[in-house]
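Order of the sequence lines sets the chain letters (A, B, ...), proteins ahead of strands, with each chain counted from 1.
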Number of protein chains: 2
Amino acid sequence: MPRPSKPRLSKDKIHRAALELVDRDQDFTMPQLAARLGVSPSSLYHHVKGGRAEIIDGLRARIGGQTRHLLHETGASWDDRVRQWARAYHAALSRHPFLIPVLVGESVDDTPTLDLYEDLATVLREAGLRGEDLVLGLSLVDVWVLGAAVDAASPEPLWDTDPEKHPVLHDAVRSVSTGRAARTFELGLDAVISELRSVLERSGRP
Amino acid sequence: MPRPSKPRLSKDKIHRAALELVDRDQDFTMPQLAARLGVSPSSLYHHVKGGRAEIIDGLRARIGGQTRHLLHETGASWDDRVRQWARAYHAALSRHPFLIPVLVGESVDDTPTLDLYEDLATVLREAGLRGEDLVLGLSLVDVWVLGAAVDAASPEPLWDTDPEKHPVLHDAVRSVSTGRAARTFELGLDAVISELRSVLERSGRP
DNA sequence: ACCTGAACACCGTTCAAGT
DNA sequence: ACCTGAACACCGTTCAAGT
């Protein structure tokens, strides 16, 4: 087949198809992606020269962009703004839970996600955190949101227990309710906010 | 080459070689593993019939076993015991930081790791947590330890910032010191313990 | 510019054949 | 029982060839 008069592919189409595959299969491969787009695998490289790695970067950027779209900064208190930030990011990640394992372990360098972290850094700075405390605050919120997202993407039950060998754990697993991951996220978010508050107090601000 | 008089391979050798590869390359493949053991890829399947997935399971079990080996339960208070548990698991995971992305997203069913979580469940139960609160407590500690381990495995700097576009974030990144991940872990651990304490108080125990 | 098919160097896994 | 080589169905990526 020759070159079509209108391009069949675009970055946006590629990203959307990749997300659909991740949502369905927990992962995507280049041939699968090409098949879904009715195109040959090599065609993909005309639109995304960095290949698979660049596509993953694009997906991360999409999540970052969606998160910022959810963020309507009101004049609320710093802790409410941190809560909003964490919930928005968590919500955006939760729409594609299987994406998190794919994203994990790579350094962030796309503009939307960096913009997102700039937002958080600004809130924490306005709250009064500086220097190393600011970095620790960022890390604290970041680790919690990403950790909770990985947790949300994990299969339930988390633990495959035998009542004989692990009675206490087994009993706990039995009383798991729907929304466990969501409630864990909220509980930990409370914990993180409290800790930020005590860091602020320690550094001498109310 | 025929069958040797003494087996060249064993589960233990395979696991150790796989860990070495993960430590060096952040991952392992069956051919790489075979080459390192001086053997053909197909040989591996005589010792580990579940293939790559079973090897990964074995690595998780090793970490679980090592963690329990670090745990010498003293008659300390529940919060000290939770701290010990989290630090031991964190330490075991930190010895092989690149292993975490490999482990993530699979349900736990090996005995050593289940034993480990049974330990934690027992401590939390003795502290007074029951039913759903116990599950939330387990999740809280679990998410934090694994999230912090992923964080520790991430490349520094976490964010590739341009001072023009992301001034606050850039400034924060500049003041990152060595041990950032370790200090984040400790700070979050404090937060988790405090939150567990307030859950206990809410449910009516001192 | 955009798509194709062929090619390359990889994967994980199976299996008959050897001892 | 334990190791081998060949084979299968996959990967991601490159590249000359087409329009």
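- Within the structure, the salt bridge (Lys or Arg N to Asp or Glu O under 4.0 Å) test picks out the following pairs touching residues 135-152 of chain B (sequence neighbours left out): B:Asp151-B:Arg180.
- Among the duplex regions that DNA chain C forms, those built from at least three successive Watson-Crick or G-U pairs under 3.5 Å are C:4-8 with D:12-16, C:12-16 with D:4-8, ordered by first number.
- Regarding contacts with the backbone of C:dA1, every side-chain N or O of A:His47 stays at 4.0 angstrom or more from both OP1 and OP2.
- For B:Glu195, the salt bridge (Lys or Arg N to Asp or Glu O under 4.0 Å) test picks out B:Arg202, with sequence neighbours left out.
- Taking A:Ser42 as the reference, A:Ser40 meet the side-chain contact (heavy atoms from CB on, under 4.5 Å) condition, with sequence neighbours excluded.
- Contacts of A:Pro97 classified as side-chain contact (heavy atoms from CB on, under 4.5 Å), with partners at least two apart in sequence or in another chain: A:Ala153.
- For B:Ala152, the side-chain contact (heavy atoms from CB on, under 4.5 Å) partners are B:Ala181, not counting sequence neighbours.
- Note: CD (A:Glu54) to P (D:dG12) measures 15 Å, nearest angstrom.
- Atom pair B:Lys49:NZ and D:dC2:P shows a separation of 15 Å (rounding to whole Å applied).
- Rounded to whole Å, the distance from OH on A:Tyr45 to P on C:dT4 is 14 Å.
- Where B:Pro41 and A:His46 each meet DNA chain D at their nearest nucleotide, the meeting point lying more 5' is that of B:Pro41.
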Review item, side-chain donor-acceptor pairs of residues 22-36 of chain A, under 3.5 Å, at least two apart:
| from | atom 1 | to | atom 2 | distance (Å) |
| --- | --- | --- | --- | --- |
| A:Asp23 | OD1 | A:His96 | ND1 | 2.9 |
| A:Asp23 | OD2 | A:His96 | ND1 | 3.0 |
| A:Thr29 | OG1 | A:Gln32 | N | 3.2 |
| A:Gln32 | OE1 | A:Thr29 | N | 3.2 |
| A:Arg36 | NH1 | A:Glu20 | OE1 | 2.2 |

Could you run down the sub-3.5 Å N/O contacts of the protein with nucleotides 6-11 of chain C?
| from | atom 1 | to | atom 2 | distance (Å) |
| --- | --- | --- | --- | --- |
| C:dC11 | OP1 | B:Thr29 | OG1 | 3.4 |

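- The side chain of A:Ser43 places an N or O atom within less than 4.0 Å of a non-bridging phosphate oxygen (OP1 or OP2) of C:dT4.
- Between B:Arg16 and B:Asp12 there is a salt bridge, with a side-chain nitrogen of the basic residue lying less than 4.0 Å from a carboxylate oxygen of the acidic one.
- Not one side-chain nitrogen or oxygen of A:Arg8 sits closer than 4.0 Å to the OP1 or OP2 atom of C:dA1.
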Considering only distance and modelled atom types, tabulate donor-acceptor pairs under 3.5 Å from the side chains of residues 165-175 of chain B, sequence neighbours left out.
| from | atom 1 | to | atom 2 | distance (Å) |
| --- | --- | --- | --- | --- |
| B:Lys165 | NZ | A:Thr111 | OG1 | 3.3 |
| B:His166 | NE2 | A:Asp115 | N | 3.4 |
| B:His166 | NE2 | A:Asp115 | OD1 | 2.7 |
| B:His170 | ND1 | B:Thr161 | OG1 | 2.8 |
| B:Ser175 | OG | A:Gly131 | O | 3.4 |
| B:Ser175 | OG | B:Ala172 | O | 3.0 |

